[in-house]
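For the numbers below, each heavy atom of this structure counts, side chains included, while hydrogens, waters and symmetry mates do not. All residue numbers in this chain count up from 1 along the given sequence.
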Amino acid sequence: MKIILVRHGRTISNNEKTFSEESTPICDEAHQELLVTKSKLVSLHFEKIYASPLLRVRQTAKVLGCESLIFDERIKERDFGEFKGKTYKQILAENPIETKDWFADLKDGKPPAGESSREVFARVSAFLDEISVTQTDSLVLCHYGTITMAMAWALKNFDSWVSFAPVNGGITEIETDGVNRVITKFNY
């Protein structure tokens, strides 16, 4: 089966370099970029469409013409807790100890009231394990962090999540038979 992951369109937070909030929308230029993604999706086969419930993914789905979405909380972006809506410079100025602690331990550290990378990996992996046994080709509309964790899942190596940088509107494809996993496309 194939798991096709698409990162949402460019957002206002991406442009402002802030840690995203749940209500972060896609920006105007995302619409044109997503039309390229839409043209590529035409040649790919999928039977089910899973989506993060966050606004930017819902907007991306609309531009892509995706309907009958199955929303799943496990494929949301990392919860940045008290750092949502702020730049790195702002969080460092306002919370220097918490910021340094988080960045000193990128695996298990987390923003105040937020999630660690290991926690994100656990929920994304649980989702991927569940859909991979269905043997149904699936499209997953999601986020940067979700895709990096999906890549780590595919490689069966949590530490590899830091090696990937999914682009907005980029397509990633993983083939799996339920046991073996092969990354066939990345930032396509």
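Note: the hydrophobic cluster containing Leu69 does not contain Val140 (ILVMFWY, side chain heavy atoms under 4.5 Å, direct or indirect links). In the hydrophobic cluster analysis, where Ile, Leu, Val, Met, Phe, Trp and Tyr join through side-chain heavy atoms closer than 4.5 angstrom, Ile147 is grouped apart from Tyr188. Tracing side-chain contacts under 4.5 Å through hydrophobic residues (I, L, V, M, F, W, Y), one reaches Met151 starting from Val162; they form part of the same cluster. Taking hydrophobic clusters as Ile, Leu, Val, Met, Phe, Trp and Tyr residues chained together by side-chain heavy-atom distances below 4.5 Å, Ile70 does not share a cluster with Leu64. Linking ILVMFWY side-chain heavy atoms closer than 4.5 Å, directly or via other members, places Phe46 and Val133 in two distinct hydrophobic clusters.
Note on residues 123-150: pairs passing ring pair (Phe, Tyr, Trp, His ring centres under 6.0 Å), not counting sequence neighbours, are His8-His143, Tyr50-Phe127. Sorted by first and then second residue, the salt bridge (Lys or Arg N to Asp or Glu O under 4.0 Å) pairs with a member in residues 54-74 read Asp72-Arg74, Glu73-Lys76, Arg74-Glu130; sequence neighbours excluded. For residues 26-37, the side chain to side chain donor-acceptor pair (under 3.5 Å) pairs, not counting sequence neighbours, are Arg10-Glu33, Asn15-Glu29.
Taking 4.5 Å as the limit, every side-chain heavy atom of Leu34 sits out of range of all side-chain heavy atoms of Lys38. Within the 4.5 Å cutoff, side-chain heavy atoms of Leu141 are placed close to those of Cys66. Inter-residue side-chain proximity for Trp153 and Ile3 is flagged as met; some heavy-atom pair is nearer than 4.5 Å. Taking the side chain as every heavy atom from C-beta outward, Ile26 and Val63 approach each other to under 4.5 Å. In this structure the side chain of Ser68 never reaches within 4.5 angstrom of the side chain of Ile49, judged on heavy atoms. Using a 4.5 Å cut-off on side-chain heavy atoms (C-beta onward), Thr18 and Thr24 make no contact. Pro25 has its side chain within reach of Gln59: a pair of non-hydrogen atoms, C-beta onward, lies under 4.5 Å apart. The closest side-chain heavy-atom distance from Lys84 to Glu22 is below 4.5 Å.
Ion pair Lys156/Asp129 not flagged as a salt bridge, since none of the NZ, NE, NH1 or NH2 atoms sits closer than 4.0 Å to an Asp/Glu carboxylate oxygen. Salt-bridge check for Lys2 with Asp137: failed, with every basic side-chain N at 4.0 Å or more from each acidic carboxylate O.
Residues Ser52 and Val57 approach most closely at O-CG1, 3.4 Å, considering heavy atoms. In plain terms, the two heavy atoms of Leu5 and Cys142 that are nearest each other are CD2-SG, 3.9 Å. Closest approach of His45 to Glu47, counting heavy atoms only: CE1-OE2, 3.4 Å. Minimum interatomic distance between Gly169 and Val6 (heavy atoms only, all atoms of both residues): O-CG1, 4.2 Å. Residue Ile75 comes nearest to Ala51 through the heavy atom pair CD1-C, 3.5 Å, listed as atom of the first residue, atom of the second, then distance. The two residues Asp108 and Ser116 come nearest to each other via the heavy atoms O-CB, 3.4 Å.
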Which side-chain N or O atoms in residues 94-102 pair as donor and acceptor under 3.5 Å with protein atoms at least two apart or in another chain?
unit_1, atom_1, unit_2, atom_2, d
Glu94, OE1, Lys86, NZ, 2.7
Thr99, OG1, Ile91, O, 3.0
Thr99, OG1, Asn95, O, 2.8

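Between Phe186 and Phe164, the two ring planes are perpendicular [angle over 60°; tilted spans 30° to 60°].
With Thr60 contributing its side chain and Gly9 its backbone, the two residues share a donor-acceptor pair below 3.5 Å. Not a single donor-acceptor pair under 3.5 Å links the side chain of Ser13 to the backbone N or O of Thr11. A donor-acceptor pair is defined here as one N or O able to donate and one able to accept, closer than 3.5 Å; no such pair exists between the side chain of Arg78 and the backbone of Gly145.
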Legend entry - Working for side-chain contact (heavy atoms from CB on, under 4.5 Å), residues Ser117 and Phe158: CA-CA 9 Å; Ser117 297; Phe158 167 67; 4.1 Å; yes
Inset, instruction - Determine, step by step, whether Gln135 and Met1 satisfy the side-chain contact (heavy atoms from CB on, under 4.5 Å) criterion, reporting the C-alpha distance in whole Å, the side-chain angles of both residues, the deciding distance to 0.1 Å, and the verdict. - result: CA-CA 5 Å; Gln135 289 302 297; Met1 77 164 286; 3.9 Å; yes
Inset, instruction - Using the side-chain contact (heavy atoms from CB on, under 4.5 Å) rule, take Leu106 and Trp161 through it: C-alpha gap first, then chi angles, then the decisive distance, then the call. - result: CA-CA 11 Å; Leu106 289 177; Trp161 70 273; 4.3 Å; yes
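There is a side-chain donor-acceptor pair under 3.5 Å between Glu173 and Thr184. No side-chain N or O of Ser132 forms a donor-acceptor pair with one of Thr176 less than 3.5 Å apart.
Residues satisfying the ring-ring contact (aromatic ring centres under 6.0 Å, His included) test with Phe71, not counting sequence neighbours, are none. Listed by chain and number, the residues in a side-chain contact (heavy atoms from CB on, under 4.5 Å) with Asn180 are Asp177 (sequence neighbours excluded).
Note that OG1 of Thr146 and CZ of Arg7 are 10.0 Å apart. Values are rounded to the nearest 0.5 Å.
Checking each of Phe103, Phe80, Phe19 against Tyr88 for a ring pair (Phe, Tyr, Trp, His ring centres under 6.0 Å) leaves exactly one that passes, namely Phe103.
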